[in-house]
Amino acid sequence: MAHLSRDDVLQLANLAKLHLTEDEIATFQAELSEILGYVEKLDEVDVSGLKPTTQVAGLTNVTRADTVINYGLTQQELLKNVPATMGAQIKVRRVL
Amino acid sequence: MSWPAIRELAASVQSGKTTAQELVEQSLSAIEQAESYQAIIATTADRARKRAAEIDTQIARGASVGRLAGVPFIAKDNFLAFGAPTTAASNILKGFDAPYQSTAIERLEAEGAICVAKANLDAFAHGSSTENSDFFTTKNPHDISRVPGGSSGGSAAAIVLDLAPFALGTDTGGSIRQPASFCGVVGYKPTYGLVSRSGVIAMASSTDTIGPLARTVKDAALVLDVMAGTDPLDSTTIPKDKAGYEIDSPLDVRGKKVGVIREYMREGLDPAVKIQIEQAIEKLKTAGAEIIDISLPSLPYSLSIYYIVVPAEISSNLSRYDGQRFGYSDKNAQDLEESYVQSRTKGFGAEAKRRIMTGAYVLSSGYYDAYYNKAQTVRTKLINEFNDAFTKVDLLLGPATPSTAFKIGQNTHDPLQMYLADVMTVGASLVGIPALVIPAGTVEGLPVGLQLMAPQKADRMLLSFGTSAQQILKEKI
């Protein structure tokens with residue numbers, strides 16, 4: 001039965017770019033442990049000789065012609081939901 | 001009051017017997033009167049009225065407007081559409097103004113249909129009850145103390161309430177079929193890839209599908225026919241069946257081999273629901289279908305496969321919500337990292353966080369092989385078993401859900417308990433096959449849905465059989 005430690009949960013929160021309160025850490029610790037414990041059922045399945053399935057559409061290398069298609073959208077329309085812009089650029093906070 | 005069949009409705013608009021504007025008003029009025037059920041997040045009233053006026057003008061000029069002329073419809077709020085924000089019922093997308101529409105809606109509008117409202121859902125389609133909506137829970141119209149199912153709960157409730165002739169939903173692990181079962185309406189999950197996912201907010205890319213909810217299989221089939229087919233904007237789409245999906249003459253069920261899935265009919269299934277399903281099977285048998293017992297031994301593992309693969313894909317798909325290009329962005333963040341963390345933490349609900357973290361775990365270095373790779377390989381085993389079953393039968397049959405609609409609040413304390421509601425629907429999603437749910441009976445006034453499945457790309461046959469089956473079962477909606 002998978003048991004996640006407090007550190008495990010903090011590591012996952014970090015990977016997911018989430019901040020958790022103390023209560024949330026405890027709750028998620030219990031819930032995630034339960035979920036991961038349940039899915040461990042798969043340990044008992046023999047899959048020798050089988051490959052993983054990554055897609056069920058049965059397609060390979062779907063390509064299109066290298067031509068420009070005009071969808072009738074302006075740069076302005078595409079940027080209208082951006083929280084902060086400077087002209088046609090997306091403004092972000094300092095990285096370092 | 002019930003809407004006429006979609007084909008007839010469109011014909012009456014095209015002929016001038018009724019107008020698109022009248023139909024839009026009828027729909028908006030019904031939506032207003034049904035407000036207490038909270039099926040709808042927002043209407044697109046202004047735009048719908050404008051489009052209806054344009055359509056009526058075109059018709060007056062003698063133009064042919066399309067196969068869905070003037071037909072109102074409701075779209076689950078994870079479909080990008082004009083006329084109202086697209087929120088996915090999440091605070092992180094409150095007020096998001098879609099710059100383009102989903103291909104599915106574009107195709108419906110090209111045939112004259114009119115989107116009148118956006119339906120409630122579990123946020124980001126994560127859920128089986130609409131209780132995970134960041135805004136409110138939709139009430140099951142059959143019993144307002146119960147859930148309508150999810151995640152397309154608003155869409156299913158809208159059909160029961162006659163808000164529009166059809167609604168759009170998405171089905172990743174049962175999100176069209178389970179609410180269709182809980183609400184007693186028709187819900188259709190097509191073959192994976194048959195309907196473009198362009199412009200539909202992604203949940204799990206290897207199982208996400210788009211499909212219709214309606215009162216009849218015939219109506220659902222017509223809507224599918226309009227939406228289906230390859231889309232250059234979605235490279236996972238497959239071509240339409242050359243014969244299309246509109247059902248003119250229902251399939252003769254006599255001699256059709258229907259495999260009842262043993263694993264779905266045993267413990268875990270509510271005994272009263274089981275009786276309804278068995279009675280439905282009897283009716284199909286009397287009508288001439290050949291009923292065969294089929295076992296799919298890996299089905300008991302399907303929920304485990306699902307809750308590894310799907311959270312993994314969710315964690316990837318939700319990484320785009322970073323507060324930089326769209327969606328909620330925390331104003332007080334001091335640097336980029338804080339902006340990511342605060343925007344996501346404040347914007348996402350608990351279930352989204354739960355699934356993102358589960359996904360991060362199963363994909364993380366050291367665990368990837370044991371969890372994700374193993375799950376995808378057991379998935380192969382499941383696919384092989386389904387393929388084998390389809391060499392023996394034409395269709396597979398089972399219940400859609402282990403119980404009738406549960407009470408609001410009943411499963412919210414235990415995420416795993418909630419996940420178990422999907423036990424009968426995730427199989428078809430993992431394998432990519434089409435599945436139809438039609439009303440089969442009731443237990444203490446609560447609807448029970450019958451689920452039918454067919455091989456990949458056999459949508460036409462499944463819908464045709466389903467049309468007959470719906471007539472045979474004769475359940476009132």
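Throughout, a chain's letter reflects where its sequence line sits, starting with A, and its residues are numbered from 1.
Residues of residues 86-94 of chain A lying under 4.5 angstrom from chain B, judged on non-hydrogen atoms, are A:I90, A:V92, A:R93, A:R94 in numerical order. Listed by sequence position, A:H19, A:L20, A:E24 are the residues of residues 19-27 of chain A in contact with chain B, using a 4.5 angstrom heavy-atom cutoff.
Of the atoms belonging to B:K457, not a single heavy atom falls under 4.5 Å from chain A. Heavy atoms closer than 4.5 Å to chain A are found in the backbone of B:T237, but not in its side chain. Contacts of B:D330 with chain A are made by backbone atoms alone, with heavy-atom separations under 4.5 Å and no side-chain atom involved. Residue B:I238 touches chain A through its side chain alone, counting heavy-atom pairs closer than 4.5 Å. With a threshold of 4.5 angstrom between heavy atoms, B:I433 does not approach chain A through any atom at all. Residue A:A84 does not touch chain B at all, counting heavy-atom pairs closer than 4.5 Å. With a 4.5 Å cut-off on non-hydrogen atoms, B:Q456 touches chain A through its side chain but not through its backbone. Contact of B:E337 with chain A is made through the side chain alone, with heavy-atom distances under 4.5 Å. Of the two parts of B:Y328, neither the backbone nor the side chain holds a non-hydrogen atom closer than 4.5 Å to a non-hydrogen atom of chain A. Residue B:Y372: no heavy atom, backbone or side chain, is found under 4.5 Å from chain A. If you measure heavy-atom distances from B:A375 to chain A, the contacts under 4.5 Å come from both the backbone and the side chain. Within the 4.5 angstrom heavy-atom criterion, no atom of B:L382 approaches chain A.
Nearest heavy-atom pair, B:Q324 versus A:P83, reported as atom, atom and distance to 0.1 Å: O-CD, 3.2 Å. Contact between B:S235 and A:L59 at its shortest, heavy atoms only, is O-CD1, 3.5 Å. Looking at every heavy atom in both residues, A:K41 comes nearest to B:Y301 through O-CE2, 3.7 Å. The two atoms that bring B:L420 and A:Y38 nearest to each other are CD2-OH, 4.1 Å, heavy atoms only. Here the closest heavy-atom approach between residue A:V47 and residue B:T377 is recorded as CB-CG2, 3.6 Å.
Per-residue counts of heavy-atom pairs under 4.5 Å with chain A were compared for B:L416, B:D97, B:T236, B:I305; the largest is that of B:D97. Interface remark: of the candidates A:I69, A:L15, A:V9, A:L73, A:L73 forms the most heavy-atom pairs closer than 4.5 Å to chain B. Comparing A:D8, A:D46, A:L50, A:T63 by how many heavy-atom pairs each has under 4.5 Å with chain B, the most go to A:L50. Taking chain A as the reference chain and counting heavy-atom pairs below 4.5 Å, the highest number among B:G327, B:G95, B:S315, B:S339 is found for B:S339. For the set B:A360, B:S364, B:A333, the entry with the most heavy-atom pairs within less than 4.5 Å of chain A is B:A333.
With rounding to the nearest 0.5 Å, the separation of CG in A:N81 from OG in B:S329 is 12.0 Å. Here the straight-line distance linking atom CD1 of A:I35 with atom CZ of B:R355 works out to 8.5 Å at 0.5 Å rounding. Remark: B:R379 CZ to A:T54 OG1 distance equals 8.5 Å, nearest 0.5 Å. Separation of atoms CZ (B:R354) and CZ (A:F28) is listed at 5.5 Å; rounding is to 0.5 Å. Annotation: the span from A:L18 atom CG to B:I356 atom CD1 amounts to 5.5 Å, rounded to 0.5 Å.
Using a 4.5 Å heavy-atom threshold, the side chains of A:L4 and B:Y361 count as touching. Contact of the B:F326 side chain with the A:V82 side chain is not registered, since no non-hydrogen atoms from C-beta on lie closer than 4.5 Å. No side-chain heavy atom of B:S206 sits under 4.5 Å from any side-chain heavy atom of A:Q55. Looking at heavy atoms from C-beta onward, B:T358 lies in side-chain contact with A:L36 at the 4.5 angstrom threshold. Side chains of B:D414 and A:E34 form a contact here, defined as non-hydrogen atoms less than 4.5 Å apart. A:N14 places none of its side-chain heavy atoms less than 4.5 Å from the side chain of B:V341. Counting heavy atoms from C-beta outward, B:V431 and A:V56 have side chains that stay 4.5 Å or more apart.
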- Query: How far apart are the C-alpha atoms of A:V39 and B:Y306, what are their side-chain angles, what is the distance that settles it, and do they pass the side-chain contact (heavy atoms from CB on, under 4.5 Å) test?
  - Reply: CA-CA 9 Å; A:V39 302; B:Y306 186 85; over 6 Å; no

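Between the side chain of B:K381 and the backbone N or O of A:V45, no donor-acceptor pair lies under 3.5 Å. Judged purely by atom type and a 3.5 angstrom limit, B:S304 has no side-chain atom pairing as donor or acceptor with the backbone of A:L42. Not one N or O on the side chain of A:E77 forms a donor-acceptor pair closer than 3.5 Å with the backbone of B:P99.
Annotation for B:Y367: atom OH does not count as buried by contact number, only 12 or fewer foreign heavy atoms lying within 6.0 Å. Heavy atoms of other residues, nucleotides or ligands lying less than 6.0 angstrom from CD of A:E44 number more than 12.
Ion pairing of A:K17 with B:D322 is absent here, as no side-chain N (NZ or NE/NH1/NH2) approaches a carboxylate O to less than 4.0 Å.
Side-chain atoms of B:Y371 and A:E40 form a donor-acceptor pair, as typed in the model, at a separation below 3.5 Å.
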